[in-house]
Amino acid sequence: MSRHQYDLVQCMKQMGAQVGKVCGNCEGRCPICDSYVKPTVEVRICQECSQGHLRDRCILCGHRFTEEDSGVEAFYCLECVRLEKHREGCPRILNMGSSKSSMIMDKKKVGPGLERLTG
Ligand SMILES: [Zn+2]
Ligand SMILES: [Zn+2]
Ligand SMILES: [Zn+2]
């Protein structure tokens with residue numbers, strides 16, 4: 001049972017060969033249950049989530065990777081692997097920013113503000 005299901009929506013599309021990456025903040029965190037205990041199996045994400053601008057972002061919080069923090073491989077914890085949660089689909093969180101936008105300061109220097117949040 002994921003305890004953040006009430007708020008967060010995950011992609012859950014069929015996983016491809018791409019490894020999911022997380023930022024330094026989310027390193028070691030299981031994308032399903034948020035546990036930091038016993039990271040066991042590499043996270044795979046779907047085709048869509050591994051392309052374009054999504055490729056350079058943390059799959060859990062959406063943080064954009066930088067030179068200092070270029071992302072590390074994400075892992076499912078042992079418990080979720082036992083429950084076969086890691087086979088359910090791409091674990092990328094889709095609605096990040098809606099509830100935690102204040103935590104994610106996206107210091108964009110170029111480009112138009114297309115990602116401005118409403119509400
Ligand atoms: Zn887990
Ligand atoms: Zn996906
Ligand atoms: Zn992150």
Side-chain angles (χ1 to χ4, degrees):
M1 253 0 121
S2 171
R3 65 185 160 82
H4 59 214
Q5 257 169 8
Y6 62 94
D7 191 26
L8 299 174
V9 178
Q10 290 179 295
C11 173
M12 287 300 158
K13 288 201 185 76
Q14 192 177 13
M15 293 170 285
Q18 306 298 317
V19 173
K21 284 192 161 190
V22 291
C23 69
N25 275 341
C26 302
E27 185 177 355
R29 183 168 137 201
C30 172
I32 304 287
C33 70
D34 285 349
S35 169
Y36 287 88
V37 181
K38 294 182 186 159
T40 305
V41 172
E42 234 170 46
V43 168
R44 303 280 164 167
I45 55 174
C46 72
Q47 192 78 13
E48 233 168 275
C49 292
S50 62
Q51 286 173 344
H53 69 287
L54 293 174
R55 199 184 46 192
D56 302 319
R57 287 177 184 262
C58 171
I59 63 165
L60 296 183
C61 74
H63 180 80
R64 191 186 213 130
F65 300 138
T66 60
E67 273 179 44
E68 306 92 70
D69 180 11
S70 58
V72 292
E73 285 169 12
F75 285 87
Y76 292 106
C77 73
L78 182 61
E79 194 60 28
C80 289
V81 172
R82 274 197 191 131
L83 297 171
E84 306 216 330
K85 299 256 181 204
H86 65 306
R87 294 170 185 227
E88 287 179 6
C90 172
R92 184 187 178 85
I93 290 166
L94 298 179
N95 65 342
M96 57 183 87
S98 62
S99 59
K100 311 193 231 178
S101 55
S102 59
M103 285 171 58
I104 305 164
M105 301 297 284
D106 198 349
K107 290 174 191 156
K108 211 177 278 181
K109 282 173 191 153
V110 289
L114 292 174
E115 294 184 48
R116 200 173 300 143
L117 295 164
T118 54

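Only this structure's heavy atoms are used, side chains among them; waters, hydrogens and symmetry mates stay out. Order of appearance sets the numbers: ligands from 1, and atoms from 1 within every ligand.
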Strictly distance-based, threshold 3.5 Å: is any side-chain N or O of [X] a donor or acceptor partner for the main-chain N or O of [Y]?
{"X": "Gln18", "Y": "Ile45", "value": "no"}
{"X": "Ser50", "Y": "Gln47", "value": "yes"}
{"X": "Arg29", "Y": "Asp34", "value": "no"}
{"X": "Asp69", "Y": "Cys23", "value": "no"}
{"X": "Glu48", "Y": "Cys11", "value": "no"}

Checklist outcome for this item: Nearer than 2.8 Å to the Zn ion (ligand 2), the protein contributes N, O or S atoms numbering 4
Interatomic spacing from [atom1] in [X] to [atom2] in [Y] - rounded to 0.5 Å:
{"X": "Cys77", "Y": "Lys85", "atom1": "SG", "atom2": "NZ", "answer": "10.0 Å"}
{"X": "Thr40", "Y": "Arg82", "atom1": "OG1", "atom2": "CZ", "answer": "8.5 Å"}
{"X": "Cys26", "Y": "Ile93", "atom1": "SG", "atom2": "CD1", "answer": "8.0 Å"}
{"X": "Cys90", "Y": "Gln14", "atom1": "SG", "atom2": "CD", "answer": "11.0 Å"}
{"X": "Glu42", "Y": "His86", "atom1": "CD", "atom2": "NE2", "answer": "11.5 Å"}
{"X": "Leu94", "Y": "Met12", "atom1": "CG", "atom2": "CE", "answer": "9.5 Å"}

Item to check | Partner residues of Lys38 under the side chain to side chain donor-acceptor pair (under 3.5 Å) criterion, sequence neighbours left out | outcome: none
Item to check | Contacts of the Zn ion (ligand 1) with protein N/O/S atoms, counting only those under 2.8 Å | outcome: Cys30 SG, Cys33 SG, Cys77 SG, Cys80 SG
Checklist entry - Going by chain and residue number, what protein N/O/S atoms come nearer than 2.8 Å to the Zn ion (ligand 3)? => result Cys23 SG, Cys26 SG, Cys58 SG, Cys61 SG
Checklist entry - Arg92 and Leu54: side chain to side chain contact (heavy atoms under 4.5 Å, CB included), yes or no, with the steps? => result CA-CA 10 Å; Arg92 184 187 178 85; Leu54 293 174; 3.2 Å; yes
